[in-house]
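First the structure, in the form of structure tokens, and then the observations on it.
All values reported here derive from a predicted model rather than from experimental measurement.
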Amino acid sequence: MNIANYSATNHYSTSLLGNLFILGAVFCESLFIIIGKLISYRMSALTVSTMVSLFGVILFFPLAVAESRYFEFKEISAAEWGLVLYFGIVVTVIAFLLMQQGLAVISASWAGVLTSLLPISSMILSSILLDEKITNLQV
């Protein structure tokens, strides 16, 4: 947990709240892996990925419609639409398919170990792509 991130205006509570959100996401990802392993014996990776995406559409559609009333779609650039498309295809569909296919052949605990590489790859890529500084504390 990153609680050592003090700034001149002391954003400690924001940092702690952000950490709690990320910790919640980690627990959700852990449950996703465990449940995915349980159903990998009975359903194909494509079926599970399709169902996850379908439920995502059903759950978010009403919120998206409400949000769209106040959103200026014409202000979105082609590059930004490309990023949204990338998220839809790579982060959602391909990542779900790869995760489910992996869970069909390895244990959930080993999948958890492998997903622990996510913070390392995120740190390295954020340094390269976003010019964020890697601190000694992070290392």
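- Tracing side-chain contacts under 4.5 Å through hydrophobic residues (I, L, V, M, F, W, Y), one never reaches Leu103 starting from Leu97; they form parts of separate clusters.
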### Task
Start with the C-alpha gap between Leu117 and Ile120, add the side-chain angles, then the distance that decides, and say whether side-chain contact (heavy atoms from CB on, under 4.5 Å) holds.
CA-CA 5 Å; Leu117 296 174; Ile120 297 167; 4.2 Å; yes
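- The main-chain N or O of Leu118 is found under 3.5 Å from a side-chain atom of Ser121 such that the two form a donor-acceptor pair.
- Taking OG from Ser40 and CE from Met99, the interatomic distance works out to 12.0 Å, rounded to the nearest 0.5 Å.
- Contact between Glu80 and Glu75 at its shortest, heavy atoms only, is OE1-O, 4.1 Å.
- Val105 is connected to Val113 through a chain of hydrophobic side-chain contacts under 4.5 Å among Ile, Leu, Val, Met, Phe, Trp and Tyr, so both are in one cluster.
- Taking hydrophobic clusters as Ile, Leu, Val, Met, Phe, Trp and Tyr residues chained together by side-chain heavy-atom distances below 4.5 Å, Leu125 does not share a cluster with Leu83.
- At a cut-off of 3.5 Å, with distance as the only test, a side-chain donor of Thr47 or Ser44 sits close to an acceptor on the other residue.
- When every heavy atom of Lys37 is checked against every heavy atom of Ile106, the shortest pair comes out as NZ-O, 2.8 Å.
- Transitive grouping of hydrophobic side chains (ILVMFWY, heavy atoms separated by less than 4.5 Å) keeps Leu31 and Leu23 in distinct clusters.
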### Message
Before you tell me yes or no, could you show the steps for Phe87 and Thr92 under side-chain contact (heavy atoms from CB on, under 4.5 Å), namely the whole-Å CA-CA distance, both residues' side-chain angles and the distance that decides it to 0.1 Å?
### Response
CA-CA 6 Å; Phe87 272 102; Thr92 303; 5.6 Å; no
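- The number of heavy-atom neighbours closer than 6.0 Å to CZ of Phe73, taken from other residues, nucleotides and ligands shown, is above 12.
- Between Phe96 and Phe32, the two ring planes are tilted [angle within 30° to 60°].
- Note that CD1 of Ile124 is 11.5 Å distant from CG of Leu129, once rounded to the nearest 0.5 Å.
- In terms of heavy atoms, Pro119 sits closest to Ser116 at CD-O, 2.9 Å.
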### Query
Would Leu85 and Trp81 count as a side-chain contact (heavy atoms from CB on, under 4.5 Å) if you check the C-alpha gap in whole Å, the side-chain angles of each, and the deciding distance to 0.1 Å?
CA-CA 6 Å; Leu85 186 63; Trp81 280 117; over 6 Å; no
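- The minimum heavy-atom distance between Gln100 and Gly36, with the atom names listed, is OE1-O, 3.6 Å.
- Residues Phe55 and Phe60 place their aromatic rings such that the two centres sit no closer than 6.0 Å.
- At a threshold of 4.5 Å between side-chain heavy atoms, the hydrophobic network of Ile, Leu, Val, Met, Phe, Trp and Tyr places Ile33 and Met43 in one connected group.
- Rounded to the nearest 0.5 Å, atoms OG (Ser107) and CG (Leu114) are 9.0 Å apart.
- Looking only at distances, a side-chain donor or acceptor of Ser126 sits under 3.5 Å from a matching main-chain atom of Met123.
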